Protein chains: 2
Amino acid sequence: MSNTQRAISELRRLVFSGELPAGSDHLESELAERLGMSRTPIREAARTLESQGLLELRARKGVRILPVSLEDMREIYDVLTELESLAAERAAEQHYTGAELGELASAITDMKAALEVKDLEAWADADDRFHVELVRLGGNSRVASITAMMSDQVRRARAVTLFMRPLPVQSNEDHQGVYEAIAKADPKRAHDLHHAHRQRARDMILDLLERHRLRQL
Amino acid sequence: MSNTQRAISELRRLVFSGELPAGSDHLESELAERLGMSRTPIREAARTLESQGLLELRARKGVRILPVSLEDMREIYDVLTELESLAAERAAEQHYTGAELGELASAITDMKAALEVKDLEAWADADDRFHVELVRLGGNSRVASITAMMSDQVRRARAVTLFMRPLPVQSNEDHQGVYEAIAKADPKRAHDLHHAHRQRARDMILDLLERHRLRQL
DNA sequence: GTGAAAATTAATGCATACGCAAAAAAATGC
DNA sequence: GCATTTTTTTGCGTATGCATTAATTTTCAC
């Protein structure tokens, strides 16, 4: 694995874990030393992550970890809503067999189990798996990579809202409905159910952040 | 302007003009010499363009200009359909004044004029302006940059299909309808009209390419 | 003491050099 | 003549150094 690759995944990890907090600036040379390599692979990695919307390269100021504003969240959830709903619709058009929907079903099972023991981290992980698998089943690689990018951008926010929100009971019912619509090969229903699901989640989270005056993450 | 910036716009131009044809490979050192700079800014530019889906960096093979397959076109038009329809919907929610919709109206006027004198290049330019302005009015910067990226990826294909397709009379009517729905602040109608418009264009182009056995561009 | 101008510092942008791994070419054995 | 091994070549990945330029500090005039 190349140093540039390592720099990409390492920097991602540092951003997601909060070791490089939103809004902070870091010199290329600092990061290079921190990751034990020269500036070159750091610069290449930074350019990649910049185009993925995680950070920004500013001349003489180093790389800035991009904060996510309320407005950003609105934009991102809107994109996620549309593209994932498209994926659900397309998935339902494929007439997948039960076996092919196994991963989706297992993600739902895990969410239910996590919810019963109130393990929110485990629930969030399974929720992630559900959404990743859904867009995979949708069969559009561009939808998959765009939604992955958008999810990355709000990953920090989720860590905050996860413990502020009510137990995601409604979410679980939504997922079940989307799954059944896909299994029954009902594209319109799959689309509309997922659309409503994402819209609800969006409104709930934006409302939550607004009420807690968290305008930046 | 930095050499990296120049490399980005120059490489884009070379790709769009066909001077670097789809599927061709080019050594970093060749491109560096061609653009009169060292490999470093070429590599940085290539990484940026890679994340925009225009080319691919392959070890020891240089950069490969990515061809666009029929399947790619399907994916791209699907994404464009959903995100632009969202933009139309959101634009209609803003209650824009006539003045604020001026650029959109002017794009439509230009398309009509171009159509009457059968100037397809001028029509395509105005059509571009319409779609760019539409997503701008939608107010979601991520939708704007994603649709711009997707449009870039099919730009080569459009040059081919433009002169194969029937005169875009239907398209012009569609645009008019979307414009009116936005002016009348009817989000659902704006969404549905634009969705149908894009879907029609998609089916027409895919059909055209398939009948002409153009499976790669 | 204040403001402008000059000097200094510092970090990027880029050119360049080199090692290494992979591909191509050549040599060798059968 | 073909396959296999060895040699050579080639091009990328990365480190390094320097020039450029923006930011900062210092100096100096008023």
Side-chain angles (χ1 to χ4, degrees), chain A residues 1-16 18-67 145 149 152-153, chain B residues 1-16 18-67 145 149 152-153:
Chain A
M1 190 191 240
S2 76
N3 273 357
T4 302
Q5 292 300 321
R6 288 205 303 114
I8 290 175
S9 54
E10 197 58 14
L11 287 177
R12 281 173 55 92
R13 196 187 62 73
L14 290 171
V15 169
F16 293 148
E19 292 174 68
L20 299 180
S24 61
D25 291 322
H26 306 273
L27 297 182
E28 294 175 2
S29 41
E30 279 176 32
L31 296 174
E33 192 171 3
R34 187 160 180 171
L35 302 193
M37 56 186 75
S38 81
R39 276 175 53 220
T40 308
I42 297 288
R43 276 180 67 81
E44 293 205 4
R47 237 169 206 292
T48 298
L49 296 178
E50 178 176 43
S51 65
Q52 291 173 11
L54 287 185
L55 46 83
E56 195 185 17
L57 276 165
R58 291 149 82 227
R60 254 161 291 283
K61 302 255 166 113
V63 308
R64 144 159 299 187
I65 312 304
L66 283 182
S145 66
M149 228 173 83
D152 280 349
Q153 289 182 30
Chain B
M1 189 193 244
S2 75
N3 274 357
T4 303
Q5 291 301 319
R6 289 203 306 111
I8 290 176
S9 53
E10 197 59 13
L11 287 177
R12 280 173 56 90
R13 195 187 62 73
L14 290 172
V15 170
F16 293 149
E19 290 174 69
L20 299 180
S24 61
D25 290 321
H26 306 273
L27 297 183
E28 293 176 1
S29 42
E30 279 176 32
L31 295 174
E33 193 170 3
R34 188 162 180 171
L35 301 193
M37 56 185 75
S38 81
R39 274 177 55 220
T40 308
I42 297 289
R43 275 181 69 80
E44 294 204 4
R47 258 190 182 280
T48 298
L49 296 178
E50 178 175 44
S51 65
Q52 291 173 13
L54 287 185
L55 47 83
E56 195 184 17
L57 276 163
R58 292 148 81 225
R60 253 162 298 283
K61 301 254 168 114
V63 309
R64 145 159 299 188
I65 312 304
L66 283 181
S145 66
M149 225 172 84
D152 280 349
Q153 289 182 29

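All values reported here derive from a predicted model rather than from experimental measurement.
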Between atom [atom1] in [X] and atom [atom2] in [N], what is the gap in whole Å?
X	N	atom1	atom2	value
A/Lys61	C/dG13	NZ	P	13 Å
B/Met37	C/dT16	CE	P	13 Å
A/Arg58	D/dA23	CZ	P	10 Å
A/Glu56	C/dT12	CD	P	14 Å
A/Glu28	D/dT14	CD	P	15 Å
B/Arg6	C/dG13	CZ	C1'	13 Å
B/Arg60	D/dT8	CZ	P	19 Å
A/Glu33	D/dA15	CD	P	13 Å

Would you say that [X] contacts [Y] through its side chain, given a criterion of any heavy-atom pair below 4.5 Å between the two side chains?
X	Y	answer
B/Arg34	B/Leu20	yes
A/Glu28	A/Leu57	yes
B/Arg6	B/Leu35	no

- Item | A/Arg13/A/Glu10 salt bridge by N-O under 4.0 Å criterion | yes
- Item | Interface residues of residues 39-51 of chain A with DNA chain D (non-hydrogen, below 4.0 angstrom) | A/Arg39, A/Thr40, A/Pro41
- Message: Taking the nucleotide of DNA chain D with the nearest heavy atom to each, does A/Gln5 or A/Ala59 sit closer to the 5' end?
- Response: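 Between the two, 5'-proximity favours A/Gln5.
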If you look at every heavy atom in [X] and [Y], which pair is closest and at what distance?
X	Y	value
B/Leu55	B/Ile65	CB-CA, 4.2 Å
B/Pro41	B/Ala7	O-CB, 4.1 Å
A/Phe16	A/Asp152	CE2-O, 3.4 Å

- Task: Look at the side chain of B/Ser38 and decide which nucleotide, out of C/dT12, C/dA15, D/dC12, has an atom nearest to it.
- Result: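 In terms of side-chain proximity for B/Ser38, the closest of C/dT12, C/dA15, D/dC12 is C/dA15.
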- A/Ser29 side-chain proximity, nearest of D/dA15, C/dT12, C/dC14: C/dT12
